[in-house]
Structures are given as structure tokens and as C-alpha cells.
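Everything below concerns the one structure shown next.
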Amino acid sequence: MGTVAILGAGVMGETLLSGLVRSGRSAGDLVVTARRAERADELVERYGVRAMSNVEAAETADTLVLVVKPQDMAGLVEEISDHVAPGNLVVSLAAGITTAYLESRLPAGVAVVRVMPNTPALVDEGMAAISPGRSADLPHVEEAGELLRSCGRVVQVAEKHQDAVTAISGSGPAYIFYVVEAMIEAGVVLGLPRPTSTELVVQTLFGAATMMRETGQHPTVLREQVTSPGGTTAAALRQLDDHKVRAAFMSAIEAAAQRSHDLASGNG
Ligand SMILES: NC(=O)c1ccc[n+]([C@@H]2O[C@H](COP(=O)([O-])OP(=O)(O)OC[C@H]3O[C@@H](n4cnc5c(N)ncnc54)[C@H](OP(=O)(O)O)[C@@H]3O)[C@@H](O)[C@H]2O)c1
């Protein structure tokens with residue numbers, strides 16, 4: 001494993017950087033770039049990594065991780081393009097930027113891997129989906145996967161599925177926070193102190209998620225286990241069905257995927 005440069009180390013870039021440092025990558029093998037000098041200084045001080053210009057980073061590193069906002073991608077790629085060597089790996093975390101877009105702007109033979117991460121990467125519980133471009137071979141895909149595994153789990157998907165991934169795991173934490181907010185408010189309506197309601201809901205979510213992961217059982221089976229005939233849970237689920245909550249989730253996630261598609265095709 002060679003030198004890894006994180007170009008545009010903002011929120012997501014720092015999340016990945018801290019994951020890499022915690023997972024044992026030597027700070028000497030990590031490079032960051034930033035638009036503002038004070039941001040670069042902050043990262044150098046916090047992680048002991050080196051800060052460079054984008055061009056220097058492109059010339060130095062074997063793997064370049066592009067973490068600027070999608071609208072800043074064209075400028076960044078134009079700046080580094082002449083300095084990236086064929087055989088190097090370029091990993092892009094920018095939503096909606098395709099591997100074909102990057103390949104057409106980088107020298108032939110540069111391997112490109114597209115990633116959709118999510119924010120639980122901040123606590124090492126991220127879910128990242130990676131899609132290799134045309135020139136990326138197995139070692140490149142493994143290197144990209146290894147980078148992302150430093151802050152969570154990784155799956156490989158065909159690039160045509162990245163809009164669906166964006167709608168499910170990219171935006172997904174927001175849907176969960178929304179449900180949690182609603183449950184906390186319901187507890188408050190029933191007279192629970194807000195901190196108590198919050199603790200009950202957050203630990204219930206954590207416990208339910210852990211149960212699904214550890215038992216490997218289908219959520220339907222787990223739900224049926226807490227749904228006694230004629231009981232409290234059945235009464236609640238009947239209300240959720242009456243309010244078409246399942247259908248609302250389907251429509252919401254379809255809308256997110258459509259929005260992702262539109263933004264990626266410049267129709268945003
Ligand atoms: N955050 C998420 O939940 C999430 C989830 C999935 C995907 N992503 C993707 O991750 C990418 C980054 O998102 P973010 O939330 O981390 O944004 P961010 O905090 O704004 O980070 C981007 C950083 O890049 C810097 N930058 C911009 N142009 C640059 C250039 N030419 N050279 C060097 N640095 C440059 C920015 O500098 P300034 O501070 O000066 O603007 C900023 O610090 C996006 O493309 C997004 O689609 C994010």
C-alpha cells in the first residue's frame with residue numbers, strides 16, 4: 001500500500017482520514033490538500049499528516065481520493081489531470097460524478113473507483129458502495145474497499161445502481177433520524193420527560209439494529225416476535241398500515257433516487 005492523498009479534506013475527507021489513522025495507516029503515508037491554508041494546518045496538527053498542493057499530491061501519491069463537492073470536481077480534475085500517472089488509482093466520493101466523467105478527463109489507464117459513503121462513517125459504522133470504472137482491476141477495487149473499510153462496511157455494486165444506493169444508504173441516516181424524532185415526540189406526548197424518551201428510542205433503535213445484524217433473521221420474523229395477536233404492537237402497526245407508512249417509504253426512496261439521477265445528469 002502506497003501513499004494516499006485526500007484531495008479536498010472537508011467533513012467527509014477528514015472522516016476518512018481519521019478512520020485511516022485509527023486503522024493503523026502511518027501518518028507518513030497520508031497526504032491532504034485543502035483550499036484554505038488554515039484548514040490544511042489544522043489537519044497537519046491534528047493527524048501529523050503532510051499537506052500539499054493538489055498538483056504535488058497528484059505527483060506524490062499512488063492513490064488519490066477526491067472528496068470535493070460535485071460542483072468543484074471539474075476544476076480539481078483539470079488541475080491534477082496532467083500530473084496523475086497511468087496505473088494510479090483515483091477514488092471519488094462525490095455524489096453523481098460518474099467514472100466515465102473522470103476517465104474522460106484523466107490520462108488513459110488511470111483507474112477510477114466511484115464511492116457513495118454515508119455519515120455514520122464518522123463513528124466507524126459507515127456504509128459505502130463502490131463501483132469500479134473501466135480501467136480499475138481487482139487490486140484497485142481491493143485498495144478502494146480497504147480505504148473505506150477503515151470507517152465502516154463496504155459493498156461493491158454496478159455503477160447503474162449508485163442512484164439507488166444514494167437513496168438508500170447515502171440519504172438513509174436522515175430517514176432514520178426522522179423516525180427517531182417522531183418516536184421521541186410521541187413519548188413526550190404520552191408524558192415522558194424528553195431525555196427519557198430520547199434514551200428509550202435511541203437504545204431501542206440500536207438494539208433492533210444490533211439484533212438484525214447479529215441474528216441475521218429477516219426483519220419480518222423479528223417483528224412478528226414482538227407482535228402478539230390482539231396486543232399493543234399489533235394495534236400500533238395497524239395504524240402505520242392505515243397511514244400507508246410503508247408506501248410512503250417506497251415513494252420517498254424512489255424520489256431520492258430520481259433526484260440523484262437528475263442531479264447527476266445536470267438536470268438539477
Ligand atoms: N457529507 C456527507 O454526508 C456525504 C455523503 C456522501 C457523499 N459525500 C460527498 O463527499 C464530498 C464532500 O462532501 P463534504 O460534506 O465533505 O464537503 P466539504 O466539507 O465542503 O468538503 C469539501 C472540501 O474540499 C475543499 N475544496 C474545494 N475545492 C478544492 C480544491 N480545488 N482543492 C482543494 N480543496 C478543495 C473545500 O474547501 P472550502 O472549505 O474552502 O470550501 C472543503 O474543505 C461531496 O462530493 C459529497 O457528494 C458527502
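Whatever order the structure lists ligands and atoms in, that order sets their numbers, starting from 1.
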Would you tabulate the side-chain donor-acceptor contacts of residues 129-138 under 3.5 Å, counting partners in other chains and residues two or more places apart, or write 'none'?
unit_1 : atom_1 : unit_2 : atom_2 : d
S131   : OG     : V157   : O      : 2.8
S131   : OG     : Q162   : NE2    : 2.9
R134   : NE     : E103   : OE1    : 3.4
D137   : OD1    : H140   : ND1    : 2.7

Considering only distance and modelled atom types, tabulate donor-acceptor pairs under 3.5 Å from the side chains of residues 7-14, sequence neighbours left out.
unit_1 : atom_1 : unit_2 : atom_2 : d
E14    : OE1    : R39    : NH1    : 3.3
E14    : OE1    : R39    : NH2    : 2.8
E14    : OE1    : R46    : NH1    : 3.3
E14    : OE2    : R46    : NH1    : 2.6
E14    : OE2    : Y47    : OH     : 2.7

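- Using a 4.0 Å cut-off between charged nitrogen and carboxylate oxygen, E185 and R194 count as a salt-bridge pair.
- For the pair D124 and R22, the salt-bridge criterion is met [side-chain N within less than 4.0 Å of a carboxylate O].
- One finds a salt bridge joining E159 and R114 here, because a Lys/Arg side-chain nitrogen approaches an Asp/Glu carboxylate oxygen to under 4.0 Å.
- Taking the side-chain contact (heavy atoms from CB on, under 4.5 Å) definition, one finds that A61 meets it with T3, A5, L64, sequence neighbours left out.
- Residues lining ligand 1 at a heavy-atom distance below 4.0 Å are given as G8, G10, V11, M12, T33, A34, R35, R36, N54, V67, V68, K69, P70, D72, L93, A94, A95, M116, P117, T119, ordered by chain and residue number.
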